[in-house]
2 protein chains.
Amino acid sequence: MKHNTTLKKISSILDISISTVSRALKDHPDISDKTKKKVLELAETLEYEPNTYAINLRTNNSKVFTLIVPNITNFFYDSFISAIEEESRKNGYSLMILQTLDDTETELKNLKLCRLNRVSGVFACISPNTTDVSPFLKLDELDIPVIFFDKVPAYEECNKICVADTQASKLAAEAIIQKGRKKTFALFGNNNLSITKKRVAAFTATFEQHNMSNKLVIDYAMSAEEARNKTLSLLKNKKAADTIFCMSDEILTGVMKALQELHLKIPTEIAVVSISNGDIPKLYYPEITYAETSGYKLGKLAFTRMMACLSGSTFIQELTVESVLIEGGSL
Amino acid sequence: MKHNTTLKKISSILDISISTVSRALKDHPDISDKTKKKVLELAETLEYEPNTYAINLRTNNSKVFTLIVPNITNFFYDSFISAIEEESRKNGYSLMILQTLDDTETELKNLKLCRLNRVSGVFACISPNTTDVSPFLKLDELDIPVIFFDKVPAYEECNKICVADTQASKLAAEAIIQKGRKKTFALFGNNNLSITKKRVAAFTATFEQHNMSNKLVIDYAMSAEEARNKTLSLLKNKKAADTIFCMSDEILTGVMKALQELHLKIPTEIAVVSISNGDIPKLYYPEITYAETSGYKLGKLAFTRMMACLSGSTFIQELTVESVLIEGGSL
DNA sequence: ATGAAAGCGCTAACAA
DNA sequence: TTGTTAGCGCTTTCAT
């Protein structure tokens, strides 16, 4: 049995007009209490539920946000999604989720879906290999606000919500320097990503400011496995580093595997610092000290910006969530 | 500028009827090639995109699935969601995500949303404290198929897709026995959950079958932290156990923290086996041997069942994804 | 306080 | 091959 109670049905049973029923159900002041009561009661017993399809058509609005993300199975996006879902629900919106799986074609299809479904807004994290952001901007032209988060385009005229990459990197570097570590091995991810470039720049700059450049070695790894291997070969020479910095969870997991393999004591034999959402650093003992880049906080901020856009704020801006250093016992 | 090209607009510009335009756009055989071409071209230049709201109203169907989950930030659900999203997208459906955050009231609201949005189907994982599943079954009455996964109700007449709890537990126990371990400490989660009860029962039964009950100690932990503490106090006596079994990722992370803290060598000083999706076991060195309960596979299976329901299969069943033992180096 | 009627954009049965 | 028409369920303006 499908939904089959409509305003029409109620109106015909009570022998009143459809519009009266509609108004009664909305507690419109024009309608008499007696009529309201009658209508409400019948609606209750017939389990009336308004047809959202019709309402959407009529109001030209669906109260649905879409979130586009390369992959759901990622500790950082996870918490971002969780925050967005929570806020959406609390504000009467539903959340649609689409993955791109790092495929540009899928990304395009997803954007088309956003247009077809005429969603109220889109939260988007562009996939690494996307260069043309115009399909995203097209949504803006259709009055569908787009809030870019995390992996944001270089293009100026758009809403971006980012982790404070520069600051997080600086925070981690300063913590290392302050502890008086002698030799830091800093491992970063894919150097084609702007996020990597920013983090490398801030990290090295901080060491330079303290005249410590000679105590820093930079390297890159494209995967956890590569991070593990680079750590293993580096530490064949025990003196090669007394501290390892990891740009991301992915790098951290690779590095930590290597350190467990070598049975090194943290932080006495080797110290570890990372930039992270926090989930992964807390898995180890001692817990890893990290500069926090909270997906959850980022989500909350992105949502706030979305609501501002919907209430007419066309002021375009790049917002940033400040990072804080969370002390584990690894440094 | 909102979407503003409609069939009506195209029809009035070309001075033909709306239905001709509609049919031309759908490549209906009745329409002449000349007309089709005209219509297609104009639609293209005006960037016509059909109004999904109207189509939904007309067809009484929105091609949207909803997924209800206690919390997105969970390694297992993560991969389940990812699988469902992927399949949905490939099959022309969109996926709406709702969290319950283990709150029964929120769960109820979410179910109402499913009804209001008249979604095509619902994938649901009930929250631990839910006892009354009738609101879920009400969806079925509205011809909205509900596929329960992971945490499923005891109620018989519904579609359930589950991990092979019994078999996974047995697999892990057998692996331990086969390796000739002398003393196993088996740590389980919340014993109020049916999933825990099943796993405990199968685990102990397997030991009994091999007349090894005296080599097994069972305990429970409600959190990773508790698992860590129990492991720490257990291993004060080094002879207390030579093997630890962890029922879940949560337990595993707590146990592993304790083992790192004690600097125990795995598997020589202590062996570890768990039941998991796989993400967490792969973070350690050596990687943890585990009985795999794949969220991804579960998702694929759930989706298949959903499509069967939509094409009229009312045959209600409980499906199970077989578990396999993935060897790490921890046993 | 209530009703009549138009219309949101689309589909499809029926007519021509 | 094309057009006419009714209708999906609801909101809302304008009348009464």
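Reckoned from all heavy atoms, side chains included, excluding hydrogens, waters and symmetry mates. Here is the naming used below: chain letters follow the sequence lines, and residue numbers restart at 1 for every chain.
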Notebook entry, point to check: Just by modelled atom types, is the B/Ile195 backbone N or O under 3.5 Å from a matching donor or acceptor in the B/Lys151 side chain?
Noted result: no

Note to self: Tell me whether B/Glu49 contacts the main-chain N or O of B/His3 through its side chain, where contact means a donor paired with an acceptor under 3.5 Å.
What the structure shows: no

Quick one: which protein N/O atoms are closer than 3.5 Å to N/O atoms of nucleotides 3-5 of chain D? Pair and distance per line, please.
unit_1, atom_1, unit_2, atom_2, d
D/dG3, OP2, B/Ser17, N, 2.8
D/dG3, OP2, B/Ser17, OG, 3.2
D/dG3, OP2, B/Thr20, OG1, 2.6
D/dG3, N7, B/Arg23, NH2, 2.7
D/dG3, O6, B/Arg23, NH1, 3.0
D/dG3, O6, B/Arg23, NH2, 2.7
D/dT4, O4, B/Ser19, OG, 3.0

Check: How about B/Phe148 and B/Phe136: are their ring centres within less than 6.0 Å of each other?
Finding: yes

Next item on the list: Not counting sequence neighbours, which residues clear side chain to side chain contact (heavy atoms under 4.5 Å, CB included) with A/Thr304? List them please.
Entry: none

Checklist line | Partners passing side chain to side chain contact (heavy atoms under 4.5 Å, CB included) against A/Glu47 (at least two apart in sequence or in another chain) | finding: B/Lys138

Checklist line | Protein-nucleotide distance (A/Leu7, atom CG; C/dA4, atom C1'), rounded to Å | finding: 15 Å

Note to self: With ring-ring contact (aromatic ring centres under 6.0 Å, His included) as the rule and sequence neighbours excluded, what pairs involving residues 24-53 of chain B come up?
What the structure shows: none

Next item on the list: Specify the residue among B/Arg118 and B/His28 whose closest nucleotide of DNA chain D lies further upstream toward the 5′ end.
Entry: B/His28

Item checked: Rounded interatomic separation in angstrom, taking NZ from A/Lys8 and C1' from C/dA5 -> 14 Å

Note to self: Tell me the interatomic distance from A/Leu25, atom CG, to D/dG9, atom P, rounded to whole angstroms.
What the structure shows: 15 Å

Next item on the list: In whole angstrom, give the distance that lies between atom CG of B/Leu116 and atom P of D/dC10.
Entry: 11 Å

Notebook entry, point to check: Between A/Phe149 and A/Tyr77, what is the ring plane arrangement, given parallel below 30°, perpendicular above 60°, and tilted in between?
Noted result: perpendicular

Checklist line | A/Asp30 side-chain proximity, nearest of D/dC10, C/dC8, C/dA1 | finding: C/dA1

Notebook entry, point to check: What residues in residues 33-57 of chain A put a non-hydrogen atom under 4.0 Å from any atom of DNA chain D?
Noted result: A/Tyr48, A/Pro50, A/Asn51, A/Ala54, A/Ile55

Margin query: Base, sugar-phosphate or nothing for B/Lys9? Non-hydrogen atoms, less than 4.0 Å.
Written below: nothing

Check: Backbone N or O of A/Phe303 within a donor-acceptor pair of the A/Glu87 side chain at under 3.5 Å?
Finding: no

Notebook entry, point to check: Would you say C/dC10 has OP1 or OP2 under 4.0 Å from some side-chain N or O of B/Lys26?
Noted result: no

Notebook entry, point to check: Tell me the ring-ring contact (aromatic ring centres under 6.0 Å, His included) pairs involving residues 86-113 of chain A, sequence neighbours left out?
Noted result: A/Phe65-A/Tyr93

Checklist line | Rounded distance (Å) that lies between atom C1' of C/dG7 and atom CG of A/Asn60 | finding: 13 Å

